[in-house]
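In what follows, chains carry the letters A, B, and so on, assigned in the order in which the sequence lines appear, proteins first and then strands, with residues in each chain numbered from 1.
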Amino acid sequence: MKFKAICENHLFSKAYAKGKRFVTPSLAVYLLPDYAADRLQKAHPLKIRVNRIGLTVSKKIGGAVERNRTKRIIREAYRRVITENAVRVGYLIVIAARERATKKKSDELVPELKLAFEKLGLLSQGTK
RNA sequence: UUACCGGGUGGCGCGAUCGCGCGGUAUGGCGCCGAAAGGUAUUACCGUGAGGAAAGUCCGGGCUUCAUAGGGGAGGAUAACGGAUAACGUCCGCCGGGGGCGACCCCAGGGAAAGUGCAACAGAGAUAUACCGCCGCCUUCGGGCGGUAAGGGUGGAAAGGCGAGGUAAGAGCUCACCGAAACCCGCGGUAACGCGGGCUUCCUGUAAACCCUAUCCGAAGCAACGCCUUCGGGAGAGCGGAGCGAUCCGCUACGGUUCCCGCCGGAAUCCCGAUGGCGGCAGAGGGCGCAAGCCCUCAAGCCGUUUGGUAACAAACGGCGCAGAUAGAUGACCGCGGCGCUGCAAGGCGCACAGAACCCGGCUUAUAAACCCGGUAACGAC
RNA sequence: GGCCCGUUGGUCAAGAGGCUAAGACAUCGCCCUCUCACGGCGAAAACAUGGGUUCGAUUCCCGUACGGGUCA
């Protein structure tokens, strides 16, 4: 399951400044409606609306190995959340790792991420 | 057995399920994003996918650009000698010095006898000196003048050490022995150097102070650079000569491998800047094929064997010939096994340091547990 | 990814081989004042780290750690 990544710095800044925020013990999630969603939907070969997602792991977490591993675990948790639940699309999602995330297994992050998505109103009513 | 010394291997393994990057084959779309260049799916299968340090960026090389011969200066690096290497500040051997009972380890290890500078405090005096002392002379008996580096004390360093002669007292002033340094001769060694002899001299330390000597070095770096795209800006100058003229020639401003000399360019239309993109970036050559691709050969490199060499290394033969991302691909989870710690046991906990970014050769630093080889000392046994 | 710098009290900083390692602000104590401020006097407090050169290193050389700048 692929997802579109955020790489521009200004989108991160917007998400931090204007987006809705929910913080769990090991993650901080920022959500902002994606103004470019319509344009991206047209660009997509299969005409699917997608969420754009950005991962932030600061140097405070550790070296390159630790940070890569943390990003992989968060990505795995995100993948499982969106396959097990129906998630509304057309948003910018920035997930920042807090210091505890390094030691977690991906099983433990799934409920956290799901809770955050629920509180932010990302989950639609119908189950998949 | 205990305590060490030197070198090397290695960097947990296997199997399910889900998932990722790249390449390929099929499937599939001809749409969409973008100003353009350019980019792009879905699904299935196959192949492939991080390190010994990928790190620090401390050296060396390839590669690329700077339109350009050469010489000099400045600046930088290195420093016994011989070799290895594409090259190195690396590696090997050897010499000298220092440390260790020893295996062995450490050393920016040229020149202080070319010149300059510096040596605080202490001390009389730091490259030159007379404070105390010793000796001679004078004396108003307080001391003064002269000689003296043997003795005292200071210091990291005080005119080589010690004995005899010598002297008023002393002094390499003279002599014997010892020590050090330069030079010459002989022997050994490719050489640094070592040993022996001769002669001369007795000279503080510091060059990781300036400096001198020898050798080497152009500068920048893949964010280099090349091409494409769209846009913006600038320069196409002056003088003299030839020619009816287009134009040509010379000089100058100016520009350039950054300073100087010299040389080149002095307008081929060229230069500068911005925007985004592709290449550089995954070796080279050949064959087949419309193409995608497939096959063959060879290099760099890696592994093994043999030969040469004390060794670094070289040569021959055989095999392999291997990641290419762009918010940055190897993960998650489960089971079985391995090793270590803990525990009577069941079990529990842990398995390091750490992530390629143009590519190589080194150095330095980080690194859990385990294994292998060679050697030393002490003790014990035979 | 490349290149280039820096590190001295709590903070800003001078010192560039030897002296008690300046100075300012901040802190603390005393004086001044009815009290506070200002002012005066005094105190405490530092050379990032491991080696090397040197008689002697904060300074010179090498390594390490940390921090910063710059190039699209």
Should U2(B) form a Watson-Crick or G-U wobble pair with both distances under 3.5 Å, which nucleotide is its partner?
A377(B)

Just label G172(B) as syn or anti from its O4'-C1'-N9-C4 or O4'-C1'-N1-C2 angle, using within 90° of 0 for syn.
syn

Judged by nearest nucleotide, the residue sitting upstream toward the 5' end of RNA chain B, Thr56(A) or Val65(A), is Thr56(A)

For U17(B), does either OP1 or OP2 sit under 4.0 Å from a side-chain N or O belonging to Arg80(A)?
no

How long is the line joining CZ of Arg67(A) and P of A354(B), in whole Å?
13 Å

I need the CD1-P distance between Ile95(A) and A327(B), as an integer number of Å.
17 Å

Please give the distance between the C1' atoms of C199(B) and C184(B) as a whole number of Å.
8 Å

Which value, in whole Å, describes the distance between the P atoms of nucleotides U53(C) and A79(B)?
16 Å

Nearest-Å distance, CD (Glu66(A)) to C1' (A55(B))?
16 Å

Mind checking the C1' distance from C294(B) to U65(B)? Whole angstroms is fine.
38 Å

Partner nucleotide, any strand, of A237(B) [Watson-Crick/G-U, under 3.5 Å]:
U252(B)

Select from Lys71(A) and Ala64(A) the residue whose nearest nucleotide in RNA chain B is closer to the 5' end of that strand.
Lys71(A)

G110(B) - base-pair partner by Watson-Crick or wobble geometry, distances under 3.5 Å
C212(B)

Rounded distance in Å - CD1 (Ile74(A)) to C1' (A329(B))
17 Å

Inter-nucleotide C1' distance (G262(B), G2(C)), Å rounded:
36 Å

Arg75(A) side chain vs Leu55(A) backbone, donor-acceptor pair below 3.5 Å:
no

Distance check needed: G328(B) P versus Asn68(A) CG, whole Å only.
9 Å

Can you tell me whether the base of G52(B) sits syn or anti, using the 90° cut around 0 to define syn?
syn

Complementary nucleotide of G23(B), counting Watson-Crick and G-U pairs under 3.5 Å:
C46(B)

Work out which heavy atom in Leu109(A) is nearest to a heavy atom in Ser26(A); give both atom names and the distance.
CD2-OG, 3.2 Å

Might you confirm whether atom CZ of Arg21(A) has over 12 heavy atoms from other residues, nucleotides or ligands at distances under 6.0 Å?
no

For the C1' atoms, the ones on C91(B) and on G60(B), what distance do you get once it is rounded to whole angstrom?
13 Å

P spacing across the pair G205(B) / G63(C), given as an integer number of angstrom:
31 Å

C1' spacing across the pair G196(B) / G117(B), given as an integer number of angstrom:
43 Å

Paired nucleotide for C28(C) [Watson-Crick or G-U wobble; both distances under 3.5 Å]
G42(C)

Since syn is defined as within 90° of 0, does A50(B) count as syn or as anti?
syn

Nearest whole Å is fine: how far is G19(B) P from Glu76(A) CD?
9 Å

Could you let me know what C63(B) is paired to, Watson-Crick or G-U wobble, both distances under 3.5 Å, or none if it's on its own?
G221(B)

Looking only at side-chain N and O atoms, does Arg72(A) come under 4.0 Å of OP1 or OP2 in U330(B)?
yes

Check the distance between C33(B)'s C1' and Arg52(A)'s CZ and give it to me in whole angstrom.
13 Å

May I ask which nucleotide in the shown strands pairs with A282(B), Watson-Crick or G-U wobble, both distances under 3.5 Å?
none

Indicate, with yes or no, if Tyr30(A) and Val23(A) share a hydrophobic cluster defined by side-chain heavy-atom contacts under 4.5 Å among Ile, Leu, Val, Met, Phe, Trp and Tyr.
no

Identify whether Val57(A) and Val65(A) are in the same connected component of the hydrophobic contact network (ILVMFWY, side-chain heavy atoms under 4.5 Å).
no

G34(B), syn or anti by chi within 90 degrees of zero
anti

Asn68(A) side, atom CG; Glu66(A) side, atom CD - distance, nearest 0.5 Å
10.0 Å

Euclidean distance for C1', A223(B) against G1(C) (whole angstrom)
8 Å

Whole-Å distance, Arg79(A) CZ to G19(B) C1', equals 5 Å

Please determine whether side chain to side chain contact (heavy atoms under 4.5 Å, CB included) holds for the pair Tyr78(A) and Ile73(A), giving the CA-CA distance in whole Å, both sets of side-chain angles, and the decisive distance to 0.1 Å.
CA-CA 9 Å; Tyr78(A) 174 79; Ile73(A) 290 170; over 6 Å; no

Tell me the partner of U140(B), counting only Watson-Crick (N1-N3 plus N6-O4 or O6-N4) or G-U wobble (N1-O2 and O6-N3) with both under 3.5 Å; none if nothing fits.
none

